[in-house]
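In what follows, a structure is listed as structure tokens, so that the remarks can point back to it.
Every chain is numbered from 1 and lettered A, B, ... according to where its sequence line falls, protein lines coming before strand lines.
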Protein chains: 2
Amino acid sequence: MFYTIGEMAKKLNVAASTLRYYDKEGLLPFVERSGGGIRMFKDEDMEWLTIIECLKQTGMPIRDIKTFIDWCMAGDATIDQRLDLIDRQRKSVEQQLARMQNTLRVLEYKHWYYETAKKAGTCAVHDTLSKEQIPKQFRNWIHG
Amino acid sequence: MFYTIGEMAKKLNVAASTLRYYDKEGLLPFVERSGGGIRMFKDEDMEWLTIIECLKQTGMPIRDIKTFIDWCMAGDATIDQRLDLIDRQRKSVEQQLARMQNTLRVLEYKHWYYETAKKAGTCAVHDTLSKEQIPKQFRNWIHG
DNA sequence: GCTTGACTTAAAGTGGACTTTAAGTTGTAT
DNA sequence: ATACAACTTAAAGTCCACTTTAAGTCAAGC
């Protein structure tokens, strides 16, 4: 079962031009072509695109993803490099997660801040609150 | 206590040109100037830069951050808008966190995949594994 | 065989977030 | 007073990841 670039783009919910761009950048060396030059995507190509999407989600630039794909195409001689790259990306994602969770805490504080201000009709209410009126998780917090 | 743009940039670990860019884009309307036109950052400006950094971390574009800052400068009449914006960003970050956690699971799988391949000396080992040899968390997983 | 929509490429264009450059000013230290 | 590092602006440049355009080709239906 083969898919055209348009069908694959729809399945992946990306623009066909994006897939052409990835191909041009060397991210899709596994995609076959018809006699007439039309790209013929296979079901198993989805797996490749899933790992590409995964690496993209980690913030990895296109050329580094290409390096990884190239290593995959090169076979077993590159297993060590691939393991290293995956581990580095894993650590990076763990850090990003920690930062993102911190960001979420700030937004939760801001939510409380503005909800309280909304009820009072003014942000000035925050100058009048006693420590007990501030939710525990936000006390001893360094901010405005 | 005042800081020059260079001192503030060092404190924040960003380039001074970045702060000038933010100022030009209207993100720093609160920064005062000396008689000669030199920016004079105050300690309390750190709070502003912290929330800017927080919103930037959520993926919010510069102009939307400007909108938020403008609302802050406008006073109590914009509390509702600010609450809405914070809530939207909070939901966005929750989604990003969920996606990132999924990405991490994929990377953990890939780590196991390549570690196993490394021990065996070939990726082909994965064609020979019985279900029991695949860690529980990775069984019934849809991928290569 | 012709139309038509989806495909092809190369090249140019876009948008976002800076970064660098050039020319000039400020302010501190001697 | 003068040197000098750090500041100022406007404008141009860079990098990245696409997206669009232009000109043309492919392939399925009539």
Taking it one step at a time, do Ile65(A) and Ile69(A) satisfy side-chain contact (heavy atoms from CB on, under 4.5 Å)?
CA-CA 6 Å; Ile65(A) 300 179; Ile69(A) 300 283; 4.2 Å; yes

Might you work through the side-chain hydrogen bond (donor to acceptor under 3.5 Å, both in side chains) test for Glu47(B) and Thr50(B), ending with a clear yes or no?
CA-CA 5 Å; Glu47(B) 296 163 20; Thr50(B) 302; over 6 Å; no

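OP1 or OP2 of dC18(C) lies within a sub-4.0 Å distance of a side-chain N or O belonging to Lys56(B). Taking only side-chain nitrogens and oxygens, Tyr22(B) never comes nearer than 4.0 Å to OP1 or OP2 of dA17(C). Side-chain N/O atoms of Arg39(A) include none lying less than 4.0 angstrom from OP1 or OP2 on dC7(C).
Scanning residues 10-21 of chain A for heavy-atom distances under 4.0 Å to DNA chain D yields Ala15(A), Ser17(A), Thr18(A), Tyr21(A).
Trp48(A) and Phe30(A) have parallel rings, their planes meeting at less than 30° on a 0 to 90° scale where 60° marks the start of perpendicular.
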Restricting both atoms to N or O, compile the protein contacts to nucleotides 25-30 of chain D shorter than 3.5 Å, with distance only.
residue : atom : partner  : partner atom : Å
dA27(D) : OP1  : Ser34(A) : OG           : 3.4

Identify all pairs in which a protein N or O lies below 3.5 Å from an N or O of nucleotides 2-4 of chain D, and state each distance.
none

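For Asp23(B) and Arg20(B), the salt-bridge test fails: no basic side-chain N is under 4.0 Å from an acidic carboxylate O. Between Lys66(A) and Asp70(A), at least one side-chain N (NZ, or NE/NH1/NH2) sits under 4.0 Å from a carboxylate O, which counts as a salt bridge.
Of the residues near DNA chain D, Met40(B) and Pro61(A), the one whose nearest nucleotide (by heavy atom distance) lies more toward the 5' end is Met40(B). Nearest-nucleotide assignment on DNA chain D puts the 5′-proximal partner with Asp23(B), out of Asp23(B) and Ile62(A).
When the P atom of dT25(C) is taken as reference, atom CD1 of Ile5(B) falls 19 Å away, rounded to whole Å. Put simply, CE on Met8(B) is 13 Å from P on dC7(D), counting in whole angstrom units. A straight line from CD1 of Ile52(A) to P of dA17(D) spans 13 Å, rounded to a whole angstrom. Straight-line distance from the CD atom of Glu53(B) to the P atom of dA17(C): 13 Å, rounded to whole Å. Note: CZ (Arg33(A)) to P (dT8(C)) measures 6 Å, nearest angstrom. Between Leu28(B) atom CG and dT8(D) atom C1' the separation is 15 Å, expressed in whole Å. Lys24(A) places its NZ atom 9 Å from the P atom of dA11(C), with the value rounded to the nearest Å. Protein atom CG of Asp64(A) is 14 Å distant from nucleotide atom C1' of dC15(D), rounded to whole Å.
With a 4.5 Å cut-off on side-chain heavy atoms, Val106(B) and Thr103(B) do not count as touching. Taking 4.5 Å as the limit, every side-chain heavy atom of Met73(A) sits out of range of all side-chain heavy atoms of Thr78(A). Between Ile79(B) and Arg82(B) the shortest side-chain heavy-atom distance falls below 4.5 Å. At least one side-chain heavy atom of Glu108(B) sits under 4.5 Å from a side-chain heavy atom of Phe138(B). Side-chain contact check for Tyr22(A) versus Lys56(A): some heavy-atom pair is nearer than 4.5 Å.
A side-chain donor-acceptor contact under 3.5 Å links Asp45(B) to the backbone of Lys42(B).
With a 6.0 Å cutoff to the six-membered ring centre and a 45° limit on the axis angle, Lys110(A) counts as a cation-pi contact of Tyr113(A).
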